[in-house]
Amino acid sequence: MRRPAPILAVAAVLLLSGCHHDTAPRAVAPLAGVGFPPDARTATAQLAALAVGWGRNWETYKRENFGRYWSDETDAVGGRNGCDTRDDVLRRDLDELREGDRNPCVVVSGVLHDPYTGKRLPYSYRRASQIQTDHVVALGAAWRAGAYAWTAQRRLEYANDLDVLLAVDKQTNYDKGSKTADKWQPPRQEYRCEYARRYTGIKARYGLSVTPPEKLALQRMLAACPQ
């Protein structure tokens, strides 16, 4: 007779699932917004329409203002699909993807071709990973650009919006921190056009302001996009 799995083992499996609902995960839901990222021409027009001003309330920023944990309980892209936000990002960004047999939310393994550096980074949930989930417009930068005035739910939505997020190299993400586009750009120059398109699209979607140096840096990156 087969013995039941120990309670701790069962709990570990549930934690790895990355899901928070009793119903079957709806992993087929779109993992990117329609028309996102905008093309260079659209992003340039969006950038021109953004409010320009210096960041405010930087001293009041706290990470927990955007929620303590990943949340599926938002109406942002990827929200309410039954899967953990980080797993959604991995499922979207990894190649050679292997998902859980019983639960497609679970990312068992895959390979990230890091957009910021070009590194090839293998992933396995059984091992420590060199992959982190980056907010393209960092939470601290968003706070200074207007998120300080949002509701808690709006900030939670931003923090879990898949269009705001990318799977990237961990060390590069540390280097980026909460820097804005005038103070940090991807080391891999080939990605700077898309980075500027994503960055500007996020600012436009959420009505965030840009500083004068930030706007100039984005204009230069967008102007260098292939025509």
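Sorted by first and then second residue, the pairs that involve residues 175-227 and meet disulfide (SG to SG under 2.5 Å), not counting sequence neighbours, are C193-C225.
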Let's go through L218 and Y199 carefully: what are the C-alpha distance in whole Å and the side-chain angles of both, what is the deciding distance for side-chain contact (heavy atoms from CB on, under 4.5 Å) to 0.1 Å, and is it a yes or a no? CA-CA 8 Å; L218 291 166; Y199 193 107; 3.7 Å; yes
As a quick check of understanding, evaluate side-chain contact (heavy atoms from CB on, under 4.5 Å) for Y206 and V137, giving each step before the final call. CA-CA 11 Å; Y206 284 90; V137 177; over 6 Å; no
Would D169 and L121 count as a side-chain contact (heavy atoms from CB on, under 4.5 Å) if you check the C-alpha gap in whole Å, the side-chain angles of each, and the deciding distance to 0.1 Å? CA-CA 8 Å; D169 172 60; L121 302 173; 3.9 Å; yes
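With rounding to the nearest 0.5 Å, the separation of NZ in K183 from OG in S178 is 8.5 Å. Between atom OH of residue Y191 and atom CZ of residue R188 there is a gap of 8.5 Å, rounded to the nearest 0.5 Å. Atom-to-atom distance recorded for L165:CG and L31:CG is 11.5 Å, nearest 0.5 angstrom. For the atom pair OG1 (T117) and CG (N173), the distance works out to 11.5 Å, reported to the nearest 0.5 Å.
R155 and W150 make their closest contact through NH1-O, 2.7 Å (heavy atoms, listed as atom of the first residue, atom of the second, distance). Considering every non-hydrogen atom in both Y116 and P187, the closest pair reads O-CD, 3.3 Å. Minimum interatomic distance between R91 and E99 (heavy atoms only, all atoms of both residues): CD-OE2, 3.4 Å.
Between D161 and R205, at least one side-chain N (NZ, or NE/NH1/NH2) sits under 4.0 Å from a carboxylate O, which counts as a salt bridge. Using a 4.0 Å cut-off between charged side-chain N and carboxylate O, K203 and E214 make a salt bridge. For the pair R120 and E96, the salt-bridge criterion is met [side-chain N within less than 4.0 Å of a carboxylate O].
Partners of E59 according to the salt bridge (charged side-chain N to carboxylate O under 4.0 Å, His left out) rule, which considers only residues two or more places apart in sequence or in another chain, do not exist here.
At least one donor-acceptor pair under 3.5 Å links the side chain of D72 to the backbone N or O of N81. A donor-acceptor pair is defined here as one N or O able to donate and one able to accept, closer than 3.5 Å; no such pair exists between the side chain of K119 and the backbone of P115.
Among E194, R192, Q189, R197, the one residue that satisfies the side-chain contact (heavy atoms from CB on, under 4.5 Å) test with M221 is R192.
Between the side chains of T85 and N160, at least one donor N or O lies within less than 3.5 Å of an accepting N or O.
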Side-chain donor-acceptor pairs of residues 33-57 under 3.5 Å, sequence neighbours excluded:
| unit_1 | atom_1 | unit_2 | atom_2 | d |
| --- | --- | --- | --- | --- |
| D39 | OD1 | R41 | N | 3.3 |
| D39 | OD1 | T42 | N | 2.7 |
| D39 | OD1 | T42 | OG1 | 2.8 |
| T44 | OG1 | A40 | O | 2.8 |
| R56 | NH1 | Y148 | OH | 3.3 |

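Aromatic pair Y158/W143: centroids not less than 6.0 angstrom apart.
The environment of R63 atom CZ is dense: over 12 non-hydrogen atoms of other residues, nucleotides or ligands sit within 6.0 angstrom.
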